[in-house]
Amino acid sequence: MAESPITPREKDFAAWYQDVVLQGDMAEPAEIVKGCMVIKANGYAVWENLQRELDGRFKALGHQNVYFPLLIPESFLKKEAEHVEGFSPELAVVTVAGGKELEEPYVIRPTSETIVGHFFAKWIQSWRDLPLLYNQWANVVRWELRTRMFLRTTEFLWQEGHTAHSNHQEAVEEVLRILDVYAEVAEDIMAMPVIKGVKSRAEKFAGALRSYSIEAMMQNGLALQAGTSHDLGQNFGKAFDVQFQNKDGQLEHVWQTSWGVSTRLIGGLIMSHSDNKGLVLPPKLAPTKAVLVPIYRKEEEKGPVLEAAHRIAKELGAKVDDREGQSPGAKFFHWERRGVPVVLELGPRDLASNNIVLKRRDTGTKEIISQSEVGVKFATVLDTMQKDLYNAAKARLQANTVVANSLGEVEEILREVTAEKGGGKFVMAHVKDDPICDARLKEFKATVRNIPLVDEYDGAGKCIVTGEEVDRRVVIAKSY
RNA sequence: CGGGGCGUGGCUCAGCCUGGUAGAGCGCCUGGUUCGGGACCAGGAGGCCGGAGGUUCGAAUCCUCUCGCCCCGACCA
């Protein structure tokens, strides 16, 4: 990757984002495959870290990993009416295989509820078989009309949880438990504050009874749906005849859930923290937490500097950038744009004074510290940086969240921010959960992001569209 | 899928209007001097101009089609 300038964020947010992804060596468009991307080593390492965090939490809650086929018989999609309606426009279908036209085409999975339903029906007979708690790490394909790296690509990586329960309450508890896991990973690991809530009926997953989401705000004020958890009710249970015999000997359809987060999280991560110098990664997710740049001018300085550099780097688990023929300055820029949280400088002056220079990626502040304290200081800085990134994002979310009490006010606020290069705000207003209301908001190119689980505002009020009483304000925003 | 923009060495782009067989800067390779925020000198490698047709004696340049990327919209994690 040649290192080129990064478009300033305030000049063109979309161009900035793309530059950061490219210059941070996270991914690049797979220009030979429409709408797809190559996730590069630096990006994939972040995904692996996210996988590790999520997978451990899923397993701690009793889930097991499984793997279902990539190809799904086309007829499966049609078994749940709303599901097929929601997904058919974005399906990729295999009609020829082995040189022959297939009798029944396969769709490449856009999600796996249908094929999971089929197998759940085989595996579940008794209430003793429940709950079934599965997760799968997989790729899916959705033929999108417009793509952006990480945020929306034709193929993407995700995890999809699929569970079956003997009653609705237990399923709902599962849905909310997972939503908490998502929020925890987003906030504690990604340093990305989110709002947990219920999707409006108009925005819910095709085939679900209810969808829940975590919504994050990007640096331009647009919303990003960062994770979803669905209460599928008995819809798929009925469509695929997933039945169990209850304790009374009666046959019942199971209650299912499904939930997922994808590589989109990486897009959210980038748009939450990065700056005009490039990528900024929170310490807990950064593949490389620190790089040490050795500095020497005379040949006789080289040996001692490198020796000390490797000794200190080993102690910290840092990487030494000992490439020849690159000036220290060039190295600083290189690691800066790749989002490495801490860059250490060690030169003859430091050797003489037993010091080392430590620089934070987020604030850009340099600190000269004693070599004997570097271990403790390093850990503290990573910890502080993790917290500071979260706090900054949280402050931005709060600063850009406003209250509106009429449709006109919502329009006004959104029009104002949109005028500034496609920016956005979160507008809190009373809106009834009715597709008619969603449709009105769509006129402002905004949607109900979700109805927060926790009401941080002033309780009930009258819907700004219908005038009917609703119990709390919802989040309205333009979104990715 | 509609509207707009863009595809020329690895990267950023000039050349196209007015056809004559390809350039610059950066990067890369070799050697040397450098090294505390993008070093310098010398030498060198690298491009059938996104692809396919057409017009022409001759096409990066003109025409048609096509593929991809970016932006705006409609659809969506």
Side-chain angles (χ1 to χ4, degrees), chain A residues 1-7 12-19 22-23 28-37 85-91 110-111 140-160 182 199 203 205-206 211 213-216 223-230 258-268 277 293-299 301-302 305 321-337 343-352 355-357 359 364 366 368 418 421-422 442 445 447 478-480:
Chain A
M1 178 75 238
E3 307 200 336
S4 304
I6 291 166
T7 308
D12 183 341
F13 194 85
W16 166 81
Y17 173 74
Q18 211 189 355
D19 288 346
L22 255 19
Q23 296 298 318
E28 68 178 55
E31 77 286 356
I32 46 166
V33 189
K34 187 181 172 75
C36 292
M37 66 173 170
E85 194 189 332
F87 278 105
S88 53
E90 40 184 316
L91 294 179
T111 179
V140 288
V141 166
R142 297 181 184 178
W143 215 255
E144 300 289 352
L145 298 176
R146 183 171 173 194
T147 59
R148 303 169 201 254
M149 285 188 286
F150 290 116
L151 301 175
R152 173 161 292 105
T153 47
T154 298
E155 179 187 8
F156 58 96
L157 306 182
W158 76 348
Q159 57 70 216
E160 44 178 320
Y182 288 163
K199 281 292 190 185
E203 294 282 328
F205 176 74
S211 289
S213 74
I214 52 170
E215 302 283 332
L224 185 77
Q225 180 173 304
T228 47
S229 188
H230 311 293
S258 69
W259 27 273
V261 294
S262 70
T263 37
R264 164 179 265 199
L265 284 178
I266 299 172
K277 294 174 185 162
V293 176
I295 298 156
Y296 45 84
R297 53 180 82 201
K298 305 191 187 81
E299 194 57 31
E301 289 170 345
K302 185 175 165 182
V305 167
D321 185 353
D322 54 4
R323 289 174 296 164
E324 298 282 348
Q326 289 254 37
S327 69
K331 291 176 183 177
F332 298 148
F333 279 97
H334 178 77
W335 297 111
E336 190 166 70
R337 70 181 47 208
V343 171
L344 298 151
E345 305 175 24
L346 186 73
R349 292 208 301 262
D350 304 306
L351 237 44
N355 286 332
I356 187 162
V357 179
K359 184 174 183 186
K366 273 189 191 182
I368 298 169
T418 301
K421 307 168 196 80
K442 206 145 212 182
K445 298 179 174 90
T447 47
K478 292 190 22 163
S479 70
Y480 276 103

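Below, chain A is the first sequence line, B the second, and so on; all start at residue 1.
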Determine the contact category for [X]: base if any of its heavy atoms lies under 4.0 Å from a base atom, sugar-phosphate if only primed atoms, P, OP1 or OP2 are that close, otherwise nothing.
X        : answer
A:Thr153 : base
A:Ser213 : nothing
A:Pro89  : nothing
A:Glu144 : base
A:Val293 : nothing
A:Leu224 : nothing
A:Glu336 : base
A:Lys331 : nothing
A:Gln225 : sugar-phosphate
A:Ser262 : base
A:Gly35  : sugar-phosphate

Nearest-angstrom distance, [atom1] atom, [N] to [M]:
N      : M      : atom1 : answer
B:rC16 : B:rA60 : C1'   : 7 Å
B:rU12 : B:rA74 : P     : 30 Å
B:rC13 : B:rU30 : P     : 29 Å
B:rG27 : B:rU21 : C1'   : 27 Å
B:rC1  : B:rC65 : P     : 15 Å
B:rC17 : B:rC26 : P     : 29 Å
B:rC49 : B:rC62 : C1'   : 15 Å
B:rA59 : B:rC63 : P     : 15 Å

Original post:
In Å, rounded to the nearest 0.5 Å, how long is the span from CD of A:Gln23 to CD of A:Gln18?
Top reply: 10.5 Å
Original post:
Could you state the interatomic distance from CD (A:Glu215) to CG (A:Leu224), rounded to the nearest 0.5 Å?
Top reply: 7.5 Å
Using the side-chain heavy atoms of [X], tell me which of these nucleotides is nearest: [options].
X        : options                : result
A:Ile295 : B:rG38, B:rC71, B:rC35 : B:rC35
A:Lys34  : B:rG73, B:rC71, B:rC69 : B:rC69
A:Tyr296 : B:rG38, B:rG36, B:rC35 : B:rC35
A:Phe333 : B:rC35, B:rC70, B:rG38 : B:rG38
A:Leu145 : B:rG36, B:rC75, B:rC71 : B:rC75
A:Arg337 : B:rG73, B:rG36, B:rG38 : B:rG38

Original post:
Taking only N and O in the side chain of A:Lys442, is any of them less than 4.0 Å away from OP1 or OP2 of B:rC75?
Top reply: yes
Original post:
Can a side chain N or O of A:Ser327 be found less than 4.0 Å away from OP1 or OP2 on B:rC35?
Top reply: no
Original post:
What is the ring orientation for A:Trp16 with A:Phe13, classed by angle as parallel under 30°, tilted 30 to 60°, or perpendicular over 60°?
Top reply: tilted
In whole Å, what is the span from the [atom1] atom of [X] to the [atom2] atom of [N]?
X        : N      : atom1 : atom2 : result
A:Lys302 : B:rU34 : NZ    : P     : 13 Å
A:Tyr480 : B:rC70 : OH    : C1'   : 13 Å
A:Gln18  : B:rG5  : CD    : C1'   : 13 Å
A:Glu28  : B:rG68 : CD    : C1'   : 14 Å
A:Gln23  : B:rG10 : CD    : C1'   : 12 Å
A:Gln326 : B:rG38 : CD    : P     : 13 Å

**OP:** Verify, without hydrogens or angle tests, whether A:Ser211 (side chain) and A:Phe205 (backbone) share a donor-acceptor contact under 3.5 angstrom.
**Re:** yes
**OP:** May I ask you to check whether over 12 heavy atoms, not counting those of A:Arg323, lie within 6.0 Å of atom CZ?
**Re:** yes
Original post:
Within a radius of less than 6.0 Å around CD of A:Glu85, do more than 12 heavy atoms belonging to other residues, nucleotides or ligands occur?
Top reply: no
Subject >> Test item: A:Gln225 and A:Glu203 side chains (from C-beta on) under 4.5 Å apart, heavy atoms >> reply: no
Original post:
Considering heavy-atom distances to RNA chain B, does A:Lys366 or A:Trp158 have its closest nucleotide positioned more toward the 5' end?
Top reply: A:Lys366
